[in-house]
Amino acid sequence: LYLFAQLVRKSRNARDLLQGKCVHAQILESGLIHERFLANLLVEMYGKCGSVEESRAVFDGIQEPNLFSWTNMLAVYAQRGDLQQAREIFGRMPEKDRVAWNAMIQAHARSGCLGKAKEMFDVMGNRNVVSWTTVLAALAQEGNFEIAKDMFDRMPRRDSVSCNAMMDACVQSQDFERVREMFFSMLEKDIASWTTILAANAQVGNFAFLLQLFHKMPLHNAVAWTILFLAYAHNGDLCMARRIFSMLPEKSLVEWNALIQAYAQNGHAKTTLKLFSFMAMEGIAPNSVTFLTLLAACNHIGLVEIGRWYFLSMIQDHHLVPSHQHFCCMIELLGRSGRLREAEEFAASMPAVE
RNA sequence: CCGCGUAACUCGUCA
């Protein structure tokens, strides 16, 4: 039914895995799981909520996958940069349309194979604005700003997304003059155009102008609010930051991470750690960014034991794989507190490179 | 209007 479709979309948009699972269970109960249309939505929902396994499980249960089933599954792998799985799906697709090709370009770009991505792009006969934007954003991501800007100039067609991607490339390359110019000359600004310029002003610490822009925006979403409360925190106004945070209708992982970061960066160790447990109480599972923030905070304050505890908890309780950065934080933490021996052991137990 | 691209949170050193 269309009611179910709405519910799945809602969970997908809110990135609410728990709610998504509930809806999935209800769909199973009603026997409507054989509606391919619903299954396709579930594949997408699980992907966006970060559960690749369940996404794949639903996909594998589809009797006769159609083009949407295939591309939904492909997009999940592409977004995560899982090139191997993406290739497998792409290879099995009975027909590969432009959308599938674009997704494959993204899969290559996200997995660090920018060269291959560009190659596919060059070989493609029916490129559209999405193909161009995918490559442009990937180039900017890797720091190839000049080539990215050149691509933008050569694009046959542009829309708000490609302009936003270009603006972000200018932000990253510190070309703020062009950011302003683009923003104010854009005819169709969407919410991402606004948040991009907010982020640009946050980056250079232009708080007053950021505030002005914030109030001029036609509507405010979670991204805008997060930028705003972080800006207050950056100014040392934790009170206001916290007040904004508590007003937010949906407090998801990123908002929590941002709040934790806000307190950490102002040196409020106790509150930082407390917030971490509040977050758990709200049923939000921490991710690797959360732990990196916490470890960095421990590092600055010198909380060796607690840092070590977080590191272990991250692996044992949350089944996260510590990255290069997590290890570096721990080594620095141990080293700074004079535990050179342990620091060395840590360094030795570190996986090669990343 | 079931699929692809853009925006917010993380340490390249608060020594």
Side-chain angles (χ1 to χ4, degrees), chain A residues 2 5 8-9 12 35-45 47 66-76 78-79 86 97-107 109-110 121 127-138 140-141 158-169 171-172 189-200 202-203 221-231 233 252-262 264-267 286-297 299-302 323-326 328-329 332-333 335-336:
Chain A
Y2 289 93
V8 180
R9 281 199 203 96
R12 177 249 272 150
E35 287 293 329
R36 191 168 51 192
F37 156 80
L38 278 181
N40 291 347
L41 274 174
L42 285 170
V43 170
E44 193 200 358
M45 183 277 293
N66 63 5
L67 188 57
F68 287 111
S69 324
W70 288 106
T71 29
N72 282 355
M73 194 64 244
L74 178 58
V76 170
Q79 269 163 359
D97 67 355
R98 184 163 62 184
V99 175
W101 271 75
N102 287 340
M104 269 316 273
I105 292 179
Q106 174 78 316
R110 286 277 237 258
F121 174 82
R127 300 184 284 224
N128 64 2
V129 63
V130 176
S131 329
W132 283 87
T133 310
T134 306
V135 177
L136 157 45
Q141 189 71 39
R158 302 182 188 99
D159 62 6
S160 66
V161 176
S162 49
C163 289
N164 295 341
M166 175 62 184
M167 273 186 14
D168 192 56
V171 174
Q172 286 181 60
K189 300 180 184 60
D190 60 18
I191 186 85
S193 322
W194 285 94
T195 50
T196 301
I197 193 131
L198 285 186
Q203 204 179 94
N221 63 1
V223 177
W225 285 111
T226 306
I227 295 174
L228 183 70
F229 89 67
L230 280 173
S252 67
L253 179 58
V254 171
E255 284 84 13
W256 277 100
N257 284 347
L259 188 70
I260 291 174
Q261 163 65 12
Q265 119 196 117
N266 283 284
N287 66 359
S288 60
V289 173
T290 320
F291 282 106
L292 195 55
T293 308
L294 291 170
L295 289 178
N299 200 353
H300 296 153
I301 305 155
S323 73
H324 179 75
Q325 291 184 311
H326 293 95
C328 286
C329 251
E332 199 178 323
L333 178 56
R336 278 188 177 207

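In the text below, chain A, chain B and the rest are named by the order of the sequence lines, each starting its count at 1.
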Under 4.0 Å between any heavy atoms, over every strand shown, what does [X] touch: base, sugar-phosphate, or nothing? Just pick one.
| X | result |
| --- | --- |
| A:Val8 | nothing |
| A:Leu198 | nothing |
| A:Arg158 | nothing |

Within this structure, what is the [atom1]-to-[atom2] distance between [X] and [N], rounded to whole angstrom?
| X | N | atom1 | atom2 | result |
| --- | --- | --- | --- | --- |
| A:Glu255 | B:A7 | CD | C1' | 13 Å |
| A:Leu333 | B:U13 | CG | P | 17 Å |
| A:Trp225 | B:A8 | CH2 | P | 19 Å |

Which nucleotide in [options] has an atom nearest any side-chain atom of [X]:
| X | options | result |
| --- | --- | --- |
| A:Val254 | B:G5, B:C9, B:G3 | B:C9 |
| A:Ala192 | B:C9, B:U6, B:C2 | B:U6 |
| A:Val223 | B:G3, B:A8, B:C9 | B:A8 |
| A:Glu332 | B:U6, B:G5, B:U13 | B:U13 |
| A:Val161 | B:C11, B:U10, B:G5 | B:G5 |
| A:Asn102 | B:C2, B:U6, B:C4 | B:C4 |
| A:Arg110 | B:C2, B:U6, B:G5 | B:U6 |
| A:Val130 | B:G5, B:A7, B:C14 | B:G5 |

Over 60° means perpendicular and under 30° means parallel, so tell me whether A:Phe121 and A:Trp132 are parallel, tilted or perpendicular.
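A:Phe121 and A:Trp132: perpendicular rings.
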List the steps and the verdict of side-chain contact (heavy atoms from CB on, under 4.5 Å) for A:Asn128 and A:Asn102.
CA-CA 9 Å; A:Asn128 64 2; A:Asn102 287 340; 3.3 Å; yes
Considering heavy-atom distances to RNA chain B, does A:Val289 or A:Ala264 have its closest nucleotide positioned more toward the 5' end?
A:Val289
Answer with yes or no whether [X] presents, from its side chain, a donor or acceptor under 3.5 Å of a partner atom in the base of [N].
| X | N | result |
| --- | --- | --- |
| A:Thr133 | B:G5 | yes |
| A:Asn128 | B:G5 | no |
| A:Asn40 | B:G3 | no |
| A:Thr196 | B:A7 | no |

Would you say the side-chain atoms of A:Ser193 and A:Asp190 include a donor-acceptor pair closer than 3.5 Å?
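Their side chains do contain a donor-acceptor pair, which is all the 3.5 Å distance test asks for.
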Respond yes when some side-chain nitrogen or oxygen of A:Arg336 is under 4.0 Å from OP1 or OP2 of B:A15, and no when none is.
yes
So, is A:Gln261 near the phosphate of B:U10, with a side-chain N or O under 4.0 Å from OP1 or OP2?
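So the side-chain polar atoms of A:Gln261 do come within 4.0 Å of the phosphate oxygens OP1 or OP2 of B:U10, strictly under.
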